[in-house]
Amino acid sequence: MMNENTLPVNGVAETANLGLCDVALERAIERTGSLPGMVCLYGPSGWGKSVAATHVACRRRAYYVQAKSVWTKKHTLTAILHEMGIQPSRTIPEMLDQAAEELAVSGRPLIVDEMDHVVEKNLVELIRDLYESSQAPILLIGEEQLPAKLKRWERFHGRILSWVPAQPVTLEDARKLLPLYAPGIDVADDLLAHLVGISGGSVRRVAVNLELIHDAAGAAGMDHLDKHSWGRRELYTGEAPKRRLA
């Protein structure tokens with residue numbers, strides 16, 4: 001049964017990981033002055049970290065950048081400054097000073113998504129420089145091995161206030177995703193629980209399957225589905241289809 005707590009807010013379902021992301025950034029914002037100001041949310045791909053981060057960025061008025069695998073120091077700082085609405089200076093040191101000054105003066109947090117790319121490109125010290133120069137709250141988003149990867153940079157690793165592991169999708173999350181991806185369809189808890197069970201923890205896979213259910217229900221003229229009525233119809237599991245033998 002749907003209630004006010006299962007309805008999406010501004011087109012985003014209030015999943016558990018969205019709450020974790022918000023709390024993580026709040027810890028950095030509300031910390032006492034002597035504590036470090038970086039926090040890290042990490043977990044497998046598809047668990048809803050990026051969606052949570054973009055929503056929390058709006059809620060907390062944070063600057064948000066999603067790192068790319070080809071970024072250099074200049075590209076990283078340019079992207080941050082563009083997010084801030086600031087014309088980048090010519091040199092990397094000047095750009096760093098621009099970004100740090102804006103973070104310090106505005107008091108707004110910074111969210112760096114896909115932090116693994118920053119690690120792989122050996123740009124971790126650039127983020128530390130931004131933090132040290134501004135003392136701004138910074139939320140790092142990355143894959144499940146990100147904490148282990150960052151151990152190479154002891155001075156950076158030691159400035160993490162909190163490590164927050166993302167959580168696998170739950171039945172409650174599935175209920176909250178339902179009005180977004182299968183609007184108008186009453187999906188019974190036994191079928192939702194089945195979607196959660198085959199998802200491997202992925203919010204994305206549950207969302208894909210809810211869209212499949214929505215389309216199938218529409219084609220069949222149904223507005224209610226449970227596990228029995230769904231039957232043997234295929235669902236998305238993330239695995240490649242098996243080869244059919246002739």
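All values below were derived from every heavy atom in this structure, side-chain atoms included, with hydrogens, water molecules and symmetry-related copies excluded.
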Calculate, to the nearest 0.5 Å, the distance between atoms [atom1] and [atom2] belonging to [X] and [Y] respectively.
X	Y	atom1	atom2	answer
Leu110	Met38	CG	CE	10.5 Å
Leu235	Trp230	CG	CH2	5.5 Å
Glu114	Ser50	CD	OG	5.0 Å
Phe156	Lys151	CZ	NZ	15.0 Å
Leu139	Arg60	CG	CZ	11.0 Å
His157	Arg128	NE2	CZ	14.0 Å

Do [X] and [Y] sit in the same hydrophobic cluster, where Ile, Leu, Val, Met, Phe, Trp and Tyr count as joined when their side-chain heavy atoms come under 4.5 Å apart?
X	Y	value
Val112	Leu20	no
Leu178	Leu180	yes
Leu35	Ile138	no
Ile111	Ile127	no
Leu150	Val164	no

Please report the closest heavy-atom contact between [X] and [Y], naming both atoms and the distance.
X	Y	answer
Ser134	Leu103	CB-CB, 3.7 Å
Ala99	Leu81	N-CD2, 3.7 Å
Gln98	Ser89	OE1-N, 2.8 Å
Ala174	Val196	CB-CG2, 3.9 Å
Ala13	Leu18	O-CD1, 3.6 Å
Val39	Ala24	CG2-O, 3.4 Å

Decide if atom [atom1] of [X] counts as having more than 12 heavy atoms of other residues, nucleotides or ligands within a radius under 6.0 Å.
X	atom1	value
Glu101	CD	no
Lys68	NZ	yes
His224	NE2	yes
Tyr131	OH	yes

I'd like to check [X] versus [Y] (side-chain heavy atoms, cut-off strictly below 4.5 Å). Are they in contact?
X	Y	result
Thr76	Leu126	yes
Ile80	Met84	yes
Arg31	Leu161	yes
Gln66	Tyr64	yes
Leu146	Cys40	yes
His214	Pro183	yes
Leu140	Ile160	yes
Leu177	Val203	yes

Hey, is the main chain of [Y] close enough, under 3.5 Å, to the side chain of [X] for a donor-acceptor pair?
X	Y	answer
Glu120	Val118	no
Lys73	Ile92	no
Arg205	Ser202	no
Ser133	Leu130	no
Asp190	Lys227	yes
Lys121	Trp71	no
Asn17	Trp47	yes
Thr78	Lys74	yes
Asp173	Ala16	yes

Check step by step if side-chain contact (heavy atoms from CB on, under 4.5 Å) holds for Ile141 and Met115.
CA-CA 6 Å; Ile141 309 286; Met115 183 66 186; 5.9 Å; no
Return each pair, listed once, that meets side-chain hydrogen bond (donor to acceptor under 3.5 Å, both in side chains) where at least one residue sits in residues 34-46; pairs must be two or more places apart or across chains.
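For residues 34-46, and leaving out neighbouring residues, there are no side-chain hydrogen bond (donor to acceptor under 3.5 Å, both in side chains) pairs at all.
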Determine which pairs satisfy side-chain hydrogen bond (donor to acceptor under 3.5 Å, both in side chains) with at least one residue from residues 137-150, sequence neighbours left out, and list them in order.
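For residues 137-150: Asp116-Lys149.
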Do we get Arg108 above Tyr63's six-membered ring, with its NZ or CZ under 6.0 Å from the centre and within 45° of the axis?
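Yes, a cation-pi geometry.
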Between Arg27 and Val23, is a side-chain contact (heavy atoms from CB on, under 4.5 Å) present by the stated rule, with each step listed?
CA-CA 6 Å; Arg27 286 177 187 168; Val23 169; 3.9 Å; yes
For the pair Leu225 and Asp186, evaluate side-chain contact (heavy atoms from CB on, under 4.5 Å) and give the outcome as yes or no after the intermediate values.
CA-CA 6 Å; Leu225 279 168; Asp186 179 22; over 6 Å; no
Determine whether the side chains of His75 and Thr72 contain a donor N or O and an acceptor N or O closer than 3.5 Å.
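The criterion, which ignores hydrogens and geometry beyond distance, is satisfied for Thr72 and His75.
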Does Asn122 form a side-chain contact (heavy atoms from CB on, under 4.5 Å) with Trp153? I'd like the steps, not just the answer.
CA-CA 10 Å; Asn122 208 25; Trp153 290 270; 3.0 Å; yes
With clusters built from Ile, Leu, Val, Met, Phe, Trp and Tyr whose side-chain heavy atoms come within less than 4.5 Å, directly or transitively, what are the remaining members of the cluster of Val208, listed by chain and number?
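Reading the cluster by chain and number, Val208 sits alongside Leu212, Tyr236.
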Evaluate the criterion salt bridge (charged side-chain N to carboxylate O under 4.0 Å, His left out) for residue pair Arg61 and Glu83; output intermediate values, then yes/no.
CA-CA 12 Å; Arg61 296 185 67 248; Glu83 171 71 5; over 6 Å; no
Might you work through the salt bridge (charged side-chain N to carboxylate O under 4.0 Å, His left out) test for Arg175 and Asp189, ending with a clear yes or no?
CA-CA 8 Å; Arg175 292 186 184 123; Asp189 274 359; 2.7 Å; yes
Salt bridge (charged side-chain N to carboxylate O under 4.0 Å, His left out) assessment of Glu94 paired with Arg90:
CA-CA 7 Å; Glu94 289 173 332; Arg90 291 185 177 183; over 6 Å; no
